[in-house]
Structures are given as structure tokens and as C-alpha cells.
Amino acid sequence: MSKDYKSAEIGFDPENWDDFRKMGHKVFDEMVDSMESLGDRATWTPIPDHSIEKLKQPLSNDPRDYGDVYEDFKTHVMPYSNGNTSPRYWGWVNGAGTPEGILSGLLMNTMHTPNILHQHAGLWVELQVIEWLKDIVKYPATASGILTSGGSMANYTGLAAARRDKIGLTARRDGMTGHDVRGYTVYSSSETHYSVAKAWDALGLGYDNSRAIPVDDDYQMDIDALNAAIASDKVRGYIPIAVVGTLMTVNTGAIDPMNAIADVAEAEDLWFHVDACIGCALGASKKHKGLMAGVERADSFAADLHKWFSQPYEVGFCLVNPGHKLEETFSFDANYITNLPGTLSDTHVKFSDRGLELSRGFRALPTWISLQTRGTDQFGDMIDQNIEQSQYLVGLVKDADDMELLAPAPYNIVNFRYAPKDENGVITNANLNEVNRQILTKLQRTGIAAPSSSTMDGKFSIRMCNVNQRTRRADFDTLVNAVREFGKELIAE
Ligand SMILES: *Cc1c(COP(=O)(O)O)cnc(C)c1O
């Protein structure tokens, strides 16, 4: 920037685009290099203290070169991600990303469009992505939808529609003022993701009015218990308005009995919402799409694309059937967003009328590109592969006399632990929770692998969730061998 810049008008574009281009090529090459060598590196490396110190520096008023800041990024930020792009990352439910996603970031940020209420190509791209997704997840054509920042926002969006539909416009207009009831309740299994209760809280309905229904031995919602809870609430002056079924729970991948839940919803006049943040991807699989039976009966459907569909963060979606119920939930008017025919504001759809947000990134673009370049079948094959690989791990655990499964693992989530036994098959260590906690810590801190954990029936479990397009079968041999090695060491100590 020239010294006398104050005498001229300023802007943020470079004086010389060629310099920018050169820097861009360098950055791109180095990012591709880092992706190429991913498998050779530790899955996770904890961020060292000196990097944390570096990141805590106050902001200086002196501009730094982009190249300098980029070097800081490479030294102090990039190496210390949570590792979910690695082949042996199986924590929580995090997708591993795609190469086309890297390019989409560039296209998206060059176009730099806020996908709001304008007449522009981004509107049509998002609308079409929603149509494709409806088709993939076998949801009725009469639905409308919106891409959200993720599953939590998708659950919120669907449950907001439940509130609008079952309580009525007054819930939007007056909040809870004047409602002479003990509470409006929503039902979901005790294995439900906490974003459902959080949404009920955010909607002003109170998270204690989100009821956790017990599950059976397969971690699926117990329908008798659901009916009993509804009956008891009605007697006590609560008004049941919604029920949530989960298509693959976080802990074990359980699928609630969707048709039975839909029957209860019909009989009790409840809104039926499906949380398919993990299971939505089953729709792409020819082999497993049957597991989605019943979700087409839901009034709303929440899903994630940055999980099993490997899309760049942040993207999920919510569908509501019939579509007008979504717009009834979120539409608002203001003089600065009036539709003027023939102008930029002339749109038949305003996404701000389908969700909470106004300015939104062009999050439809990466999915629009990825779905086309891969085709639904390739996603389906990946789902099948991840399930088969996980069943390979189940087999390794079952065959090992020093390990055990801690929950049914029918699909891609496996809970297991190291549990050595004596010749009579009796577990020899009384402190397996602590041993397995330490095994997990070692797996992560050595960078060998990154499963996460859960507790099944009071037993600490190593929890493996495979939504990873980079995982190969042999990675599970590595995992099981490391668990055994660390377990033996820890018990010997
Ligand atoms: C991940 C997840 C969510 C929340 O989704 P985010 O994208 O993390 O907000 C909700 N429900 C289930 C079942 C999930 O697995």
C-alpha cells in the first residue's frame, strides 16, 4: 500500500492481482500437499502451549503481510485441527470432507453471495439441491425445505414448525403470554440428541417439557412407554404437541420404530419430527434405504450433510410437509424487503421465510457440486462400505477373548472395551472403566486413532463412529491391536 494512501481512496483489493495470484497458487499447492500426506500424520496432535500463547496475542494496528499470517496459520493452527480428515478419526459424528469441497470453498467465497432474498442463481441452486435431497431421502414432493447450518438448527426449524402448527399463530405472536397450560410437551427417546431439548428451550417451551422416553435393549424408543407418558401428561394438565423419532442415534446408531411413532402421532394429533442427522445418508444406499421406512410420514425431517455426506462445514437441512407450514412458521415482512417486480428483490421464495437467519452463506454450492460429481450411487456405496467396515470391527471384537461389545452395533457405530478374562471367562480387572478411559486417552494422544467415548449401562465404552470416506478395513486392525497393547501395558503397570 502506498505511503500517501490517506490522500487516495482505499479499498481491500490488491494493487497487483498477479501477486495475489502467485500467493494463491502457493497456498493451493501447499494445501493439496497436506491432503496428500494426511495418512502419514497423527490423527490428532494436541495444540502445544506455545501455539496457544501465539494465538492469544493482542491485535496490533500494524498491518501484517498475508504471507506472514499464513505462515502462522500453517505453524499454529492447521496442524492442530481435531483430525477428522484423517483415516483413523472415528469420534462423535464428523465427516472427513472431500477434495471437491476444497475447491467449492474457493468458488463460494469468490462469488461471495449472501443467500438471502435476492433473485439470483444461488436461489435456484439451493432450491434444486433441496429437490434432490427430498428425492434421496424419499420424502414427499409436497414438502419444502431449507439448508441449515447443521442438525441442531434443522431440529430447531422442524420443532418451530411444530409449535406454529399445533399451538397456532398465537405462539408466534404472543409467546406463552395468556396460555393457561402447565406446559406443551415433546417426546423422544432417552437416546435422543440434546439439540431437541435445546430447541424446546429456545422456542420458549422449556427443556423440562422435552420428555425422555425409555428405550428397549436395542436402544429404540419403547412405544408402550411413549403412550404411557402421553397419557400421564394429559391427566396432569400438560398438552402434548410433538414426538421425535431418531433415524440413527449418536450413541449406538439405533433407529426408532418410525411407523409405530407415526401411528401414535396420528392417534394423539402430535407433530411427528424425524431427526435423521446421521441416518439421512441411508437414503443414498440401495442396500439400506429400506431402513428409512416410515420417515415419509413425518411432518418434518432434520438432517446433516457435513456428517455422512462428507460435505464442508456447515450444512444440514430441514424439510417440512406440506411446505407451506414452514413459511407460516418463519415469514416476516418489512419495508426494506419488499418484492419489486422485475428487480433483484423479485423472488417467489425467500429463504428468510423458511428459517431463523437472513444472511446465509452459499452453503448449497458445495453440495450441488458434490452430488453431481459423485452421483447418488457413489454416496450409497460409501455408506455400504462404512457399514461393512464397521461390521469388520464388530467381528474383530467378537473374536477377541480380551474385548467385548457393549451395545448392539448393527450399522456404523460400535461401542466396545478391553476386558481380559481368565480361563473361566471371568473378567480379571475390577477397574475396567478407568483402564478403558486411559486406553482411549492413549489412542488419541499418540495420534494412532481418534474414537470418542460413551457409557453403556455404567460401562465406559470406546465408541467408534465410521462416517469416514478415508477409512480402510486395515485401519481397524490397527485400532484393535493398539487397544490390546495399551490395555496390557496399563494392567501390567
Ligand atoms: C450431530 C447430530 C445432531 C446435531 O447436529 P449438528 O450439525 O452438530 O448441529 C442432532 N442429532 C443427531 C442425531 C446428531 O447426530
Side-chain angles (χ1 to χ4, degrees), residues 82 84 89-97 101 133 137 145-160 162 186-203 207 210 212-213 215 219-221 242-256 258 261 272-283 291-292 295 298 300-319 355-357 360-361 363-364 366-367 383 386 390 407 409-415 451-454 463-468:
N82 56 324
N84 56 316
Y89 181 96
W90 305 298
W92 299 275
V93 197
N94 300 128
L133 291 170
V137 303
I146 182 170
L147 297 190
T148 62
S149 55
S152 301
M153 191 48 115
N155 276 335
Y156 169 84
T157 304
L159 293 172
V186 59
Y187 303 82
S188 62
S189 92
S190 54
E191 291 291 304
T192 301
H193 192 271
Y194 75 101
S195 55
V196 167
K198 213 170 167 181
W200 219 242
D201 172 6
L203 287 163
Y207 61 74
S210 162
I213 305 302
V215 292
Y219 292 86
Q220 299 170 329
M221 190 196 283
V243 59
V244 179
T246 301
L247 191 78
M248 300 189 85
T249 58
V250 186
N251 267 335
T252 70
I255 297 176
D256 283 330
M258 296 299 172
I261 296 175
F272 174 29
H273 174 79
V274 168
D275 177 348
C277 285
I278 306 176
C280 60
L282 295 171
L291 295 169
M292 303 193 72
V295 302
S300 53
F301 180 95
D304 251 329
L305 292 163
H306 54 217
K307 288 179 173 167
W308 220 347
F309 277 103
S310 304
Q311 294 306 299
Y313 289 96
E314 309 158 325
V315 65
F317 62 99
C318 181
L319 304 172
L356 196 59
E357 296 163 319
R360 299 155 60 243
R363 56 172 64 108
T367 305
I383 302 321
N386 284 157
S390 307
Y411 312 115
N412 64 329
I413 300 179
V414 183
N415 285 276
S452 56
S453 70
S454 193
R463 173 186 167 282
M464 187 299 300
C465 171
N466 183 13
V467 291
N468 193 327

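Whatever order the structure lists ligands and atoms in, that order sets their numbers, starting from 1.
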Write out each pair where an N or O from ligand 1 and one from the protein are under 3.5 Å apart, with the distance.
from: ligand 1; atom 1: 5 (O); to: Gly151; atom 2: N; distance (Å): 3.3
from: ligand 1; atom 1: 5 (O); to: Ser152; atom 2: N; distance (Å): 3.4
from: ligand 1; atom 1: 5 (O); to: Asp304; atom 2: OD2; distance (Å): 3.1
from: ligand 1; atom 1: 5 (O); to: Lys307; atom 2: NZ; distance (Å): 3.4
from: ligand 1; atom 1: 7 (O); to: Gly151; atom 2: N; distance (Å): 2.8
from: ligand 1; atom 1: 7 (O); to: Asp304; atom 2: OD1; distance (Å): 3.1
from: ligand 1; atom 1: 7 (O); to: Asp304; atom 2: OD2; distance (Å): 2.8
from: ligand 1; atom 1: 7 (O); to: His306; atom 2: NE2; distance (Å): 2.8
from: ligand 1; atom 1: 9 (O); to: Gly151; atom 2: N; distance (Å): 3.4
from: ligand 1; atom 1: 9 (O); to: Ser152; atom 2: N; distance (Å): 2.8
from: ligand 1; atom 1: 9 (O); to: Ser152; atom 2: OG; distance (Å): 2.7
from: ligand 1; atom 1: 11 (N); to: Asp275; atom 2: OD1; distance (Å): 3.3
from: ligand 1; atom 1: 11 (N); to: Asp275; atom 2: OD2; distance (Å): 2.6
from: ligand 1; atom 1: 15 (O); to: Lys307; atom 2: NZ; distance (Å): 2.8

Please determine, by modelled atom types, if Asp275 and Asn155 share a side-chain donor-acceptor pair under 3.5 angstrom. yes
Only one of Trp92, Tyr313, Phe317 passes ring pair (Phe, Tyr, Trp, His ring centres under 6.0 Å) with His306, and that residue is Tyr313
Decide yes or no on side-chain contact (heavy atoms from CB on, under 4.5 Å) for Ile278 and Trp308, but give the supporting numbers first. CA-CA 6 Å; Ile278 306 176; Trp308 220 347; 4.2 Å; yes
Is the backbone of Gly150 close enough, under 3.5 Å, to the side chain of Thr148 for a donor and an acceptor to pair up by distance? yes
Please say which of Asn84, Asn94, Asn466 ends up in a side chain to side chain donor-acceptor pair (under 3.5 Å) with Tyr89. Asn94
Is the closest side-chain heavy-atom distance between Asp256 and Ser189 below 4.5 Å? yes
